[in-house]
Amino acid sequence: MSAFVFATAQYESGDWDSAPSLAGNVIDTIARYTSLEVAPQGAMVSLSSNDALRYPLLFLTGHLPVRFTAQEGRVLKRYVERGGLLFIDDHNHDIDGAFHKTATEEISRLIGPLQPLPNTHALYSSFFKFEDGPPTTSHELNGWGDNLVHEQLLAVTRNDRIGVLYSNKDYSSEWNFHPDNKRFMGVDPTRFAVNIVVYALTR
Amino acid sequence: MRSRVEWLARVVALLALGAAWWMWQFPQSAARLTDAIADSDRTGSNASVATVAALLRSSGLSAVQLSLQAVPERESRVLLHAARDAGWPVEWNVKDAVTPAATPAAVAARVAAQANSRFLEANAIAVAAIPRVHPSGGTIIHVAAANDVELTLSDSLGWIDSVRVSNRGTYWEIPGNARAFSVRSPTAAASVADVRADTLKRIRLFASTGWESRFILDALESAGWQVDANFAIAPRVNVTAGIPAALDTSRYAAVIALDSSAWSQSASITRFVRSGGGLLLFPGSARGNAFASVRAGGVGTALAGIPGALQTDTPTEGLPLSPVTGLASDAVVMARSEREGAPVTIAARRFGAGRVVQAGFEQTWEWRMLGAEQSVHAHREWWNNMVQRVAFSSPAPVPERWQPLPGDAAPLADLIARIGGPTSEFTAHDGVPSPSVPPRWLFVVAAAALLVEWWSRRLRGAV
């Protein structure tokens, strides 16, 4: 069995590397809570390369407008059709923001329309139980962005499986803390990442 | 009172003798022949013997001798069978075997033998149908026939396919729920009916959490299989797919043992296979001793996939491979790699009542994700086929009545089983065979009645 590798998607437009500490924290969380074999280093993979297909779970974030190139669009479409799960997080947590508007447009154009994901979805119970759906982040009401608590995630599903998971919760900020700070947190904010990884690996 | 009993006994005896004479003189009417034949065919017995005997007797024929151009239909075969059982000599040969009267005997015999041989070759066709162990149902139809014969397959809705035979036979996999099929050659036809549909059982997957197990689940479930699995995520935390239950052929058709997570269940998996279940082994599970008694062979040194091969028409060459080595004595090689040394990629063997297929491929999900355009479909079909190769199928129910004859599934064999093979030369016969006797019970009744009458008169001192 090969180890799970947490991969971050690179794309030509925007700032794909806006949450540089996130991967390490997610990897630490998976190793901490599960017995899954996980690679200690994450991977960064270009969406314009077929190598993206080697990572059936991809994380994509940014603040800036997103316009996928034709090649990125082809790879992304193929990626979802073949069973990959693309997790996109809006680093602006702003439904009027440039990232949200352009990213959702691009996903709708290439994959299909994003729909609200019910808060009873298996994603919220695949490891930890999140009775109220996606966990709220401390950044949603920080005065930046739209200053809303986003009650649901959005998704494009294929054959009853999530192909694209879209969040305005700003997990990119929430999970992008310095690794040393985790010990001071009352509740580990990255626990939801375990659910996403377990869901992708088992459903 | 005693004299009345004696009178009654005399009447019964006379009636029984009269009935026997009547049956001898006036055989059953031809109108009942069809029913008798139908009954004979249904039961596989010779219920129509008396009827056929009566018909032949009234016709004055001394023997039944036929020159055939084609295999007779079922009704005719039953009729000939009944005639033979009624005591009439029944012989047949091929029309081409008949030579002019002036032909020397040796030449005539050779011509007849060759004609008969050609006829047997051209008309020997047999069909068997078994239900396909597949989520979408269907039937696998095997046909044995001579090489180069053009066969046409059809069901009740009409033509399905045609094929030219090579290697003495062919087969079709037909999806759907049709239960009766016929296969025709230019000179013969065979058919099967009431192909039973098997209840599809589930698949049990033993695998660690990872992309391979996740995409196996996806492939099999999207093909229609129901898969049970239990993935260990953390100590005391499992994620289940389906409803995993104890291994039993009443619930599961096959087990997929992907890696070492199956080792702890090797005893129950071995029992499952011995009792008829199927097992797919892969390098991760076949290594070590847990499945040493079941596996088709050992696990060789891992070979890397050929770069770029996932995009070709031999995509499995692009997968990592730990070949099957040191094959068990009863193992059969099913596929080899094109890599150096042609290592064995898939081998199979029987174990008890079950089947084991051992494959050397690893990380097949890469084929699905990184393969050519149709790779999702190809990956799904590959797993589907692997499961079908081993899947347990419930034994066919024992028929209420044993059918000792091949019937329409092999009409020529049925004819030969009923009346024997073709003859080179017909035998000369004189006169009508001795007629069949009336039923025995009539004589028993007559004899008993006469005995009662005699015993009664003796007891009262009469002479």
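The chains referred to below are lettered A, B, ... by the order of the sequence lines, with proteins before strands, and numbering in each begins at 1.
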Greatest number of heavy atom pairs closer than 4.5 Å to chain B - which of R82(A), R161(A), R203(A):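 Ranked by heavy-atom pairs under 4.5 Å with chain B, first place is R82(A).
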CG on L53(A) to CG on L310(B), rounded to 0.5 Å: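 So the CG of L310(B) and the CG of L53(A) are separated by 11.0 Å.
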Proximal component of A52(A), with respect to chain B [non-hydrogen, under 4.5 Å]: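 Neither part; nothing is under 4.5 Å.
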Chain B contact via Y79(A) - which portion, at a heavy-atom distance below 4.5 Å: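 It is both, since atoms from each part get that close.
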With chain A as the partner chain, list the residues of [range] whose heavy atoms fall under 4.5 Å from it, by residue number, and write 'none' if nothing qualifies.
{"range": "residues 219-239 of chain B", "result": "E221(B), F231(B), A232(B), I233(B), A234(B), P235(B), V237(B), V239(B)"}
{"range": "residues 287-303 of chain B", "result": "none"}
{"range": "residues 376-386 of chain B", "result": "V376(B)"}

Side chain to side chain, R214(B) and P56(A), heavy atoms closer than 4.5 Å: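 SC-SC contact between R214(B) and P56(A) ruled out.
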Side chains of M369(B) and R78(A) in contact at under 4.5 Å (non-hydrogen atoms):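 Side chain of M369(B) against side chain of R78(A), heavy atoms only: no contact under 4.5 Å found.
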Under the side-chain contact (heavy atoms from CB on, under 4.5 Å) test, residues paired with N119(A) that sit two or more places apart: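 For N119(A) the side-chain contact (heavy atoms from CB on, under 4.5 Å) partners, ignoring immediate neighbours, are Y124(A), P134(A), Q152(A).
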Assess whether atom [atom1] of [X] is packed by more than 12 heavy atoms of other residues, nucleotides or ligands within 6.0 Å.
{"X": "N181(A)", "atom1": "CG", "result": "yes"}
{"X": "Q71(A)", "atom1": "CD", "result": "yes"}
{"X": "E173(B)", "atom1": "CD", "result": "yes"}

